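Before any comments, here is the structure.
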Amino acid sequence: MLNKFSSQLTQDVNQPASQAMLHGAGFTNEDLKKAQVGIASTGYEGNTCNMHLNGLATLIKQGVLEAGLKPLIFNTIGVSDGMSMGTSGMCYSLPSRDIIADSIEAISGAHYYDSNVSIVGCDKNMPGAIMAMGRLNRPSIMVYGGTIRSGLWKGEKLNIVSAFEALGKKFAHQISEEDFKGIIENAIPGPGACGGMYTANTMASAIEAMGLTLPYSSSAPAISEKKKAECLSVGKAIRILLEKDIKPSDIITYESICNGLRVAMVLGGSTNLVLHMLAIAHAADVKFTLKDVQMLSDKTPLLADLKPSGKYMMEDLDTIGGIPAVMKMMLREGMLFGDCMTVTGKTIKDNVAGYDDLLAGQEVILPVSRPIKAEGHLQVLYGNIAPEGSVAKITGKEGVRFEGEAICYDSEESLNIGIENGEVKAGHIVVIRYVGPKGGPGMPEMLKPTSLLIGAGLGDKVALITDGRFSGGTHGFVVGHITPEAQEGGPIAHIRNGDKIIIDSVNNTIDALITNEEIDARAKNWKQPAYKAKKGALYKYIKTVSNASLGCVTDL
């Protein structure tokens, strides 16, 4: 019985109003007998990551109709990280993940849809959609809207980070006005998510590795025949899931979460991966913690030479075989659990058997025998600054240890001004605080200041630590997700200018060289700042959000 949920509205004689409204929406009597597929689109016109998704949703609808099912498109929101970065609008980015999850859960639950297909683009769309799938536990498939193609200016390939770094170069008087404007006007040439191994491509790759998308979904570019073909094929795939009653609980397991993380670690993915995987695990009732993240990182090499710290883009990975070829290599090397179920109705091992190998002679993915870094670039650090944990992004190019004096800023805006005024010097460890889940609120990303530092020539001369988080576009010696956050009186609130700090990614520590007694003395004189939101979505987020080490979930 494929319509076991929707039949409660369409077949029950005690639901005449439900059936009348569906007839009014164009349903025939035959349609009322069909399984209903809710197609959630995060498409909207104001963001290149999402501007094409409603068009792809219509292709998905066509394929679902051809599979003999009843498709119903609905929309949910998205927040553009790239556009809101460096502004107070970024406070809405992480909360949007939970709003997306709540809205997909709400309409699918209220309308008794039998299954879900979510077509998603920007960073928080993907974990939001998967969290909803985990909660609903009905046959589901995610479709990634795809990566953008590179921009171009005077022979240089560009992406969204190029625009931020251009501003740093402008502050440092290292770029002409013509080139500055040329980069801004040409960095983003059309539809698709940001093109490096930033958070959108990180999460798409991880979710494909988990088995929740069709093969090649994460690496097929937004504007490609492959992406159109994928959308048209979803109908057949969702029907198989309905017939076999394969649900997210059959796919989202401890082992599949490990698969997702390890693929993203091999690729050099975003620190946001940790935050979102913890939240996905919570939604699916899978026990998974920061300790599991570190365990996986200890045995997963960094192999991909992808931006932001490397040379290549997601479009280059697509040309050498995409994520399926990476997974085939990793399974051969014993880095994946091959028996995990996927939305094809087959296991990872069975899917991989039909994949091509990585293209011979390619340089995007290095061999396991010659890694960029022998262990994972995502490191979980603890210490007197972060007693409940923090997440560092250390590719090895920045070194593995940094010792310096703190220079503290209580907001991103004040740091950006400080960089422009030349306050930050080589050897500093920059501290940005009061930007955590409650303090931000919304734990905004720090891409703008890290890009300004790189543009100003300080990217390899300073470290940056924060109770906020980082965009996948960030590179340099950075540590985020420091818990407890400053707003809650965490130790990061008590660091002062000139305090010596040591960050050690080999021993996984982050400590200020001050005694516990001194920290306690400073804490006694600390007063909690007022929350920055007094009502509305951000205030509700402050009152419900957990800390970063628990994934910033809002339903604990």
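Predicted model, so just to flag it, every value in this text is computed and none were measured.
- Put simply, CD1 on Ile501 and CD on Glu403 are 10.5 Å apart, with the number rounded to the nearest 0.5 Å.
- By the 4.0 Å N-to-carboxylate-O rule, Glu375 lies too far from Arg262 to be salt-bridged with it.
- The two residues Ser93 and Lys124 come nearest to each other via the heavy atoms O-CG, 3.3 Å.
- Take Phe402 and apply the ring-ring contact (aromatic ring centres under 6.0 Å, His included) test, not counting sequence neighbours, and it matches Phe477.
- With contacts defined as side-chain heavy-atom distances shorter than 4.5 Å, the pair Thr42/Ile119 does not qualify.
- Between Leu415 and Val430 there is a side-chain heavy-atom pair separated by less than 4.5 Å.
- A 6.0 Å sphere centred on CE of Met83 holds no more than 12 heavy atoms belonging to other residues, nucleotides or ligands.
- Within the 4.5 Å cutoff, the side chain of Ile100 has heavy atoms near those of the Ile77 side chain.
- For the residue pair Leu290 and Val391, the shortest heavy atom distance occurs at CD2-CG2, 4.4 Å.
- With contacts defined as side-chain heavy-atom distances shorter than 4.5 Å, the pair Asp292/Ile257 does not qualify.
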Show me, pair by pair, the donor-acceptor contacts under 3.5 angstrom made by side chains of residues 176-183, not counting sequence neighbours?
residue, atom, partner, partner atom, Å
Ser176, OG, Asp179, N, 3.1
Ser176, OG, Asp179, OD2, 3.4
Asp179, OD1, Trp153, NE1, 3.1
Asp179, OD1, Lys154, NZ, 2.7

Check residues 433-441 and write down every donor-acceptor pair under 3.5 Å in which the side-chain atom is one partner and the other belongs to a residue at least two apart or another chain.
residue, atom, partner, partner atom, Å
Arg433, NE, Asp410, OD1, 2.7
Arg433, NH1, Ile492, O, 3.0
Arg433, NH1, Ala493, O, 3.4
Arg433, NH1, Ile495, O, 2.7
Arg433, NH2, Ile495, O, 3.4
Tyr434, OH, Trp526, NE1, 2.8
Lys438, NZ, Ile542, O, 2.5
Lys438, NZ, Val545, O, 3.4

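- Considering every non-hydrogen atom in both Ser471 and Met85, the closest pair reads CB-CE, 3.9 Å.
- Partners of Arg522 according to the salt bridge (charged side-chain N to carboxylate O under 4.0 Å, His left out) rule, which considers only residues two or more places apart in sequence or in another chain, are Asp499, Glu518.
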(request) Apply side chain to side chain contact (heavy atoms under 4.5 Å, CB included) to Asn159 and Tyr198, showing your working. (result) CA-CA 11 Å; Asn159 62 88; Tyr198 310 147; 2.5 Å; yes
(message) Test side chain to side chain contact (heavy atoms under 4.5 Å, CB included) on Val143 and Thr213; report intermediate values, then the result.
(response) CA-CA 6 Å; Val143 179; Thr213 76; over 6 Å; no
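- Ion pair Glu315/Arg149 not flagged as a salt bridge, since none of the NZ, NE, NH1 or NH2 atoms sits closer than 4.0 Å to an Asp/Glu carboxylate oxygen.
- For Thr509, the side chain to side chain contact (heavy atoms under 4.5 Å, CB included) criterion is met by Asp504, Asn507, Asp511, not counting sequence neighbours.
- Side-chain contact between Asn272 and Thr202 is absent, with no heavy-atom pair separated by less than 4.5 Å.
- Contact of the Met330 side chain with the Val266 side chain is registered, since non-hydrogen atoms from C-beta on lie closer than 4.5 Å.
- Among all heavy-atom pairs drawn from Lys227 and Pro221, the shortest one is CB-O, 3.4 Å.
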(message) side chain to side chain contact (heavy atoms under 4.5 Å, CB included) for Val79 and Ser84? Distances and angles first, verdict last.
(response) CA-CA 8 Å; Val79 168; Ser84 62; 4.2 Å; yes
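- Every residue meeting the salt bridge (charged side-chain N to carboxylate O under 4.0 Å, His left out) condition with Lys228, not counting sequence neighbours, appears here in chain and number order: Glu225.
- In this structure, the side chains of Cys408 and Arg496 stay at 4.5 Å or more apart for every pair of heavy atoms.
- The number of heavy atoms from other shown groups lying within 6.0 Å of OH (Tyr531) is above 12.
- In this structure, Asp123 does not pair ionically with Arg97, as no charged nitrogen and carboxylate oxygen lie closer than 4.0 Å.
- Distance CD1/Ile207 to CG/Asn259: 13.5 Å, rounded to 0.5 Å.
- The two atoms that bring Ser270 and Thr199 nearest to each other are OG-OG1, 2.8 Å, heavy atoms only.
- A donor-acceptor pair under 3.5 Å is absent between the side-chain atoms of Asp467 and the main chain of Ile482, judged by distance alone.
- Looking at heavy atoms from C-beta onward, Met443 lies in side-chain contact with His481 at the 4.5 angstrom threshold.
- Screening Lys226, Glu230, Glu208 against Ser217 for a side chain to side chain donor-acceptor pair (under 3.5 Å) leaves a single residue, Glu230.
- Shown here for Asp305 and Glu363, the closest heavy-atom pair between the two residues is CB-O, 4.2 Å.
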